[in-house]
Amino acid sequence: MTITEPGTQSAEDNTNAVPTPTDNLNDHKPNGFGRMLRKEDPRLVRGRGQFCDDVQVPGMLHLAILRSPMAHARIVSIDKSAAEAHPKVKAVVTGADLAEHNLAWMPTLSNDVQAVLATDKVRFQHQEVAFVVAEDRYSARDALELIDVEYEWLDPVIDVRQALAPDAPVIRDDLEGKTDNHCFDWEAGSKDDTEAVFADARENGIVVTEDIVYPRVHPAPMETCGCVADLDPVSGKLTLWSTTQAPHAHRTVYALVAGLPEHKIRIIAPDIGGGFGNKVPIYPGYVCSIVASLLIGKPVKWMEDRTENLVSTGFARDYIMRGEIAATKEGKIRAIRTEVLADHGAFNGTAAPVKYPAGFFGVFTGSYDIEAAYAHMSAVYTNKAPGGVAYACSFRITEAVYLVERMVDVLAYDLEMDPAELRLQNFIQPEQFPYESKTGWVYDSGDYEPTMRKALDMAGYAELRAEQEEKRSRGELMGIGISFFTEAVGAGPRKDMDILGLGMADGCELRVHPTGKAVVRLSVKTQGQGHETTFAQIIAQEIGIPPDDIDVVHGDTDNTPFGLGTYGSRSTPVSGAAAALVARKVRDKAQIIASGMLEASVADLEYEAGTFRVKGDPEQSVTIQDIAMRAHGAGDLPEGIEGGLEAQICYNPENLTYPFGAYICVVDVDPGTAEVKVRRFVAVDDCGTQINPMIVEGQVHGGLADGVGMALMEMISFDEEGNCLAGSLMDYLIPTAMEVPDWETGHTVTPSPHHPIGAKGIGESATVGSPPAIVNAVVDALKPYGIRHADMPLTPSRVWEAMQGNHTPPI
Amino acid sequence: MEVTMSVNGDDVSQEIEPRTLLVHFIRDHLGLTGTHWGCDTSNCGTCVVWVDDEPVKSCTTLAAMASGHDVRTVEGMEVDGVLDPVQEGFIQCHGLQCGFCTPGMMLTARALLDRNPDPTDGEIREAISGQICRCTGYSTIVRSIQWAAAKERETPVEVGAS
Amino acid sequence: MQVPAPFEYERATSVDHAIALMERLGDEARLVAGGHSLIPMMKLRLATPEYLIDINDLASELGYIRVEGDEVRIGAMTRHRELLESNDLAAVLPIFRDAEKVIADPVVRNRGTLGGSLCQADPSEDLSAVCDAIGASCVIRGRSGERVVSMHDFHRGPYETAVADGEMLTEVRVPIRPHSGSAYHKVERRAGDWAVASAGAAVTMDGDVIADGRVGLCAVGPNLTNIEPISAALSGQAPSEDLYATVGQIAADNATPSTDTRGTAAYKTHLAKELTIRSLRKAVARATGQE
C-alpha cells in the first residue's frame with residue numbers, strides 16, 4: 001500500500017499493512033474480531049475446493065442448450081429428429097415438450113414470467129429454445145448442430161428510447177391484454193415540493209441538468225452458472241448442486257415452479273467462483289436440468305459456457321437518467337430530481353424486494369441534506385436478455401450513487417467550485433442521524449466529514465490540485481475525481497421487504513459440542529467473501545470459542561436454517577446479526593449452567609472472553625468448554641434447564657444499515673490518444689464495526705477494480721438487430737492487473753446503532769462508490785476541453801469523442 | 001487416439017478423442033479438478049497449467065498437443081506436504097477470495113519467480129496480465145507473490161518439482 | 001463449454017513431413033502451431049477442419065532468430081515470447097519488442113508463433129503491420145520447393161495470404177541496414193486486447209535525411225501494406241515534426257476503418273495519424289542514436 005502522507009493515517013489503518021515473511025502480522029489468532037487468515041484458503045490454494053463443475057455423480061449425463069440466433073422471431077417449426085438419432089443423445093426437449101408438462105414458463109423474482117424454453121416466439125438473442133441431454137458434454141454440444149429450427153423474423157425493439165413508441169412491436173404478447181412494452185412505473189419523493197424548489201432556484205439560484213447513461217454491464221464471475229440435478233426416481237427427492245447465492249430462496253421457488261414438495265428438494269451450493277449478483281436469479285438452464293433428470297431418471301449436469309453467461313444471464317444497470325439539481329449560487333444543494341428510463345430486457349427478472357421495483361434507487365439523494373427530491377421511472381421491455389439488478393449494486397444503489405455524485409460534479413463545474421468543498425458544505429451532519437431522507441429512507445448513523453477529510457489527507461488533495469494546475473499549463477491532462485457515497489444495505493425488515501412473498505429475515509443455528517467445539521449453520525452463502533472465517537469470528541467474539549474450533553456450515557438447505565441468501569451486502573447486516581444473537585442466546589444458557597457449576601446466582605457472574613467468573617472472586621470461574629461438557633454430561637443442571645448447549649434464531653432486521661465512504665481517483669489522459677490511466681485511487685470506507693479488517697480490505701479492493709471496469713471498459717452492447725456484441729471475454733473487457741493501481745485504503749468506524757455488533761456490511765461499497773470517482777476524474781481531466789459530462793465506459797474512443805464534443809458516441 | 005504424458009510427475013496414458021481439450025483431459029479424464037476454466041477464448045487464464053515448465057492456457061491447447069510433454073497443475077505445487085511459497089503467500093496476503101482463478105494465478109507466479117526471483121510490482125502485474133481475477137482487485141495478489149519472492153530470497157527452496 | 005467439432009489429428013515431425021501430410025490430407029487439413037487463433041475459431045465452429053496437423057515438433061527446426069550479415073532470419077515457429085526477449089533482435093529491430101510487449105498476454109505469448117500470426121492474417125493482427133513496416137519477406141515452402149514473397153504479396157487481405165494449399169510459411173527475412181530505426185505504437189482498450197489501431201514505422205537515414213521510410217498500419221482497414229505515398233513523402237526528407245504530421249495525415253487519408261465496439265471510424269482515423277507520428281518520431285530517434 002502506498003501511503004503518501006503516513007502521518008495522516010490513524011494507527012488503526014495498520015491493520016491493513018502488507019504482511020512479509022518475517023513479521024508476525026498473521027501470527028496472532030484473534031479470539032473474535034481482528035485480522036485472521038481465512039479458513040477457506042488451505043483447500044482453495046491446493047485446488048481442493050469443490051466447484052459446481054467439479055461435482056461428479058455416477059451415471060451423470062450432460063445437458064446443452066440451443067439458443068436463438070435472432071432477437072425477436074416467431075418459431076415456425078423445430079425438427080429435432082436428427083439430434084435424437086445421435087447415438088449418444090438421450091433426450092431432445094423443446095418448449096412444446098415442456099408445455100405438455102406445464103413447465104414451459106417459470107416465475108421470475110419480480111412476479112413476471114420467463115420462458116424456460118421458447119414456445120411461441122423468441123424475445124432476445126440467445127434465448128433458450130431447446131435442450132439436448134447426452135452421455136458426454138462434447139456429444140451434447142454436437143447434437144445442438146443437428147436441431148433444425150425455422151424462425152420468422154420479427155422487428156426487434158433494441159433502442160430503449162423507442163420501446164414506448166406507439167408503433168413499437170409488442171414483445172410481451174404472451175401477457176394477456178398487453179399492447180405495449182411498458183413494464184412498470186415507479187416514483188419516490190414529492191413531485192410538487194421538488195418543483196417548487198426548482199422554480200425558486202431558477203429565479204434565485206442555479207439549476208443544472210445532465211443526461212446520464214449507465215450502460216448495461218455484466219457481473220461475469222470467473223465461474224459461469226451451472227448445476228447438477230439428481231432427482232431420485234424412487235424417493236422422489238431432488239438434489240441440486242447449483243451455483244446459487246440464495247439456496248433457500250431457490251428451493252422454495254423450485255417447489256412453486258416444478259410442483260415438487262419442498263421437503264423433497266435439497267439445494268447444495270458448493271464452492272462458488274464469484275457471484276456478484278449473477279447467481280441470484282433462477283435461470284432456465286437450472287429448470288431444464290431438473291426436468292431432464294425427472295424425465296430420464298439420471299443425474300444431469302449443465303454448465304454454461306462463457307458466451308451463454310454473458311448473453312443470457314442477469315445483467316446489471318441499463319438506466320438512462322436525466323439528473324437535475326437545484327442549488328443556491330453559493331453551492332447549497334436544495335433539491336434533486338431525476339427521470340429514469342429503465343431497460344429490463346425481455347422478461348422482468350429483477351431481483352428486488354416486491355415493494356421496491358426500482359430496488360433502493362430511492363437513495364439517489366446521496367449524502368446530502370436537502371429540501372426536496374423526486375424521482376420518476378419508466379421501466380420497459382426490450383428484445384434483450386432479461387435479469388437486472390446484479391453485479392454488486394446493492395439493489396440499484398450503484399445507479400443512484402452514480403447519478404447524484406456525477407450531478408454534484410456537474411454543479412461544481414457550473415459554479416466553478418471545488419468538488420470536495422461543495423460536498424463538505426452539503427453533508428448531512430452527525431447530529432441529524434437517524435436522518436430521514438426526502439424519499440423516506442432512514443439513515444441509521446453517519447459522520448461524513450471526518451471520512452472525507454481523511455481521504456483528502458491520504459490523497460494529498462491540495463498538492464494534487466497544484467500538480468494539476470502546473471500540468472495543465474503544459475497541456476497535460478490530469479484529473480482528480482471525488483465521490484462520496486451512502487449505501488443502504490442489509491435487506492431487510494420483514495414488514496417492508498420480501499421477494500416473491502418470502503420475508504428477508506435470516507435464520508441461524510449454533511450448537512456447542514460436549515468438548516467445547518461448535519458448529520454454526522447459516523442460510524447465507526459465501527462466493528468468496530470469507531463467511532467460513534468471519535462467522536466463526538462473530539461466534540468467537542460472543543462466546544469465546546476460538547474461530548478454528550467453530551465449523552461454519554452453509555450452502556446446503558438440508559443442513560441449514562431458512563434465509564434469503566447472500567446479495568445486496570446483506571450477509572453481515574442480517575446473518576451476521578443473527579450469528580451474534582444466536583451466540584448470545586447460547587451464552588445466556590451457558591451463564592445459567594455456570595451459575596449451577598459455581599454455585600452462584602446468575603446475576604453474580606460476569607463474562608469475559610469465554611469465561612464466566614464470580615464477581616469479586618475471579619478465581620471462581622468456568623470456561624465455555626467446561627460448561628459445554630456439563631451441558632452434555634450426566635451431572636445436574638439448574639432447575640428447568642434442558643441438556644445440550646445450542647440455540648437457533650430468526651433475525652428480522654429493524655432497519656437497513658448505511659455504510660458510506662469517500663473515494664478519490666487520480667487519472668492521466670493522453671491528449672493524443674485519449675487513453676486513460678488510473679494513477680491512484682484512495683478509498684476511505686466506513687462500514688461500522690469491522691470483523692476481519694483483512695477481508696474488509698479485500699472486499700473494497702475487488703469493488704474498486706469493478707469500478708474501473710465499469711467506468712473504463714465494460715459494456716454489453718447490441719447492434720440494431722439485437723445481436724449482442726459482448727458475447728465473449730474478448731469483447732466484454734474486464735480489468736487486468738495492468739489497468740488498476742495499487743489501492744490506497746483507509747477507514748473510519750461509525751457503528752450501526754441497531755445492529756448487534758454495529759456492523760454495516762462492505763461487500764458492495766466499492767462497486768457502488770468507485771465509478772463516479774473515476775468518471776469524475778476523467779471529466780475533470782478534460783476540463784480544458786469544456787467538457788462537463790461523458791458517458792461510460794470511457795474507452796479511448798469514447799474519451800476522444802468527448803473531446804470532440806460528443807459525449808454519447810454511437811457505440 | 002492415445003495420449004501419454006507426465007502429469008505432476010505421474011505418467012498417464014489414455015485413449016481420447018483427438019479434439020479433447022487439455023483442460024477437459026485434466027479435469028474430466030484425470031479427475032484433477034483444481035484446474036478450472038472460465039472463458040473458452042483464452043482471455044481469462046483460469047485454466048493455466050504448465051506444459052514443459054511454461055504456463056499455457058489449457059482451454060486452447062489440445063490434450064493431443066501435450067502428449068509426450070510434462071504437465072504440471074495446482075495439485076503438483078505442494079511437495080511432500082509442504083506448500084509452495086507462492087501458495088503460502090496467497091494465504092498470508094489474502095491473495096484469493098473465491099479461489100477460482102487462484103490455481104492459474106499461482107502457476108504463473110511460480111513460473112515468474114523461477115525466472116525472476118526479485119520482480120518489481122510492475123513485472124508481477126505484467127506477468128499475470130493474461131489472467132482475470134474478479135474478486136481481489138489484484139493488489140493482494142501482487143503482495144502474495146512478493147511475499148513468496150521474499151521468502152525464497154531468505155530461504156532458497158527447491159522449485160519446479162514436477 | 002465450447003468444444004471443437006471432431007477432427008483427425010496428425011503430428012508433423014519435420015517441414016517435409018508437414019508438407020507431405022498436407023498433400024495427403026488435402027484442403028480439409030489445417031496446420032496448428034500455437035493454436036491461439038485457430039482453436040478458438042474451431043470451438044465456435046467457425047473453423048471445422050477434418051484434419052489438424054500439429055507442427056509444434058517443428059519448433060527446433062523453425063524456431064530461431066538469426067542475425068546474419070545484413071539480414072535477420074526468423075523461423076516461423078518462433079514464439080512471441082522469444083521475439084520479445086531476444087536482445088539480438090531488439091538491437092537491430094526494436095520494433096519487434098515494442099509490438100510483442102502489447103501482443104496478447106504473456107501466457108499466450110508462450111505458445112503463439114510468428115508464422116501463426118502472419119498466416120491468420122487478422123486485420124487487427126500486429127505482426128503483419130510490423131513486418132510490412134520493416135520490409136520483410138516471407139519464405140513459403142511447398143512440395144515443389146521454396147519461394148520468397150514480399151509482405152505486400154504475402155498479405156492478400158483479411159484472413160487471406162499467399163500461402164497456397166499444401167504450402168507452409170517457414171521463415172521471415174528482414175534486411176538490416178545501418179543507420180536504421182524502427183518503432184511500434186498501439187492503442188488498445190485494455191492489456192491483451194486487439195488493437196483499436198496501431199502503426200509501425202521504420203526509417204533508414206542517410207546523413208541528415210531519411211533515405212527510406214515505411215509505415216505499416218493495423219486495424220484501420222484492409223490492404224494497408226506498403227502505402228506508397230508515405231514512402232514517397234519520407235524519401236529524401238529531413239526529419240521534422242512537420243514531416244511526421246504530413247505523413248500521419250497520409251496514413252489517415254489511406255485508412256478506411258469501420259466503427260465497432262473498439263472505437264469509432266473517426267477515432268481510428270485519428271489514431272492512424274497520431275500513431276504514425278509517434279512511431280516515426282521514435283524510429284528516427286533510434287536511427288539517429290537519440291534513444
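Reminder, nothing fancy here: chain letters follow the sequence lines and each chain counts from 1.
- Taking every heavy atom of both residues into account, B:W37 and A:M303 meet most closely at CZ2-CB, 4.3 Å.
- For chain B, the nearby parts of A:D305 are the backbone and the side chain; heavy atoms of each come within less than 4.5 Å.
- Taking the six-membered ring wherever Trp is involved, the centroid distance between the rings of B:H24 and A:Y138 falls below 6.0 Å.
- Using modelled atom types, no side-chain atom of B:Q97 and backbone atom of A:G530 make a donor-acceptor pair closer than 3.5 Å.
- A:D53 touches chain B through backbone and side chain together, each having a heavy atom under 4.5 Å away.
- The part of A:Q527 that comes within reach of chain B is its backbone (N, CA, C, O), which places non-hydrogen atoms under 4.5 angstrom from that chain.
- Side-chain N or O atoms of B:R134 include none that pairs as donor or acceptor with a backbone N or O of A:G275 at under 3.5 Å.
- At least one donor-acceptor pair closer than 3.5 Å links the side chain of A:W743 to the backbone N or O of B:G137.
- Salt-bridge check for A:R46 with B:D84: failed, with every basic side-chain N at 4.0 Å or more from each acidic carboxylate O.
- Looking at A:R38 and B:I91, their side chains never come closer than 4.5 Å, going by heavy atoms from C-beta outward.
- For a residue to count as touching a neighbouring chain, one of its non-hydrogen atoms must lie under 4.5 Å from one of that chain's; by this rule A:I695 touches chain B with backbone and side chain alike.
- Using a 4.5 Å cut-off between heavy atoms, A:A766 does not touch chain B at all.
- Among the candidates B:L96, B:T46, B:T140, the residue making the largest number of heavy-atom pairs closer than 4.5 Å to chain A is B:L96.
- By the 4.5 Å heavy-atom criterion applied to side chains, B:E154 and A:T22 are counted as neighbours.
- Salt-bridge annotation for B:R143 and A:E697: present, with a side-chain N of the basic residue lying under 4.0 Å from a carboxylate O of the acidic one.
- Neither the backbone nor the side chain of A:F681 comes within less than 4.5 Å of any heavy atom of chain B.
- Within the 4.5 Å cutoff, the side chain of B:R125 has no heavy atoms near those of the A:T736 side chain.
- Residue contact with chain B, scored on non-hydrogen atoms closer than 4.5 Å, is absent for A:R43.
- The side-chain heavy atoms of A:I734 and B:I132, taken from C-beta on, include a pair separated by under 4.5 Å.
- At a 4.5 Å heavy-atom cutoff, the contact between A:L729 and chain B is made by backbone and side-chain atoms alike.
- Of the listed residues (A:Q50, A:H701, A:E739), the greatest number of heavy-atom pairs within a distance under 4.5 Å of chain B belongs to A:H701.
- Residue A:Q529: no heavy atom, backbone or side chain, is found under 4.5 Å from chain B.
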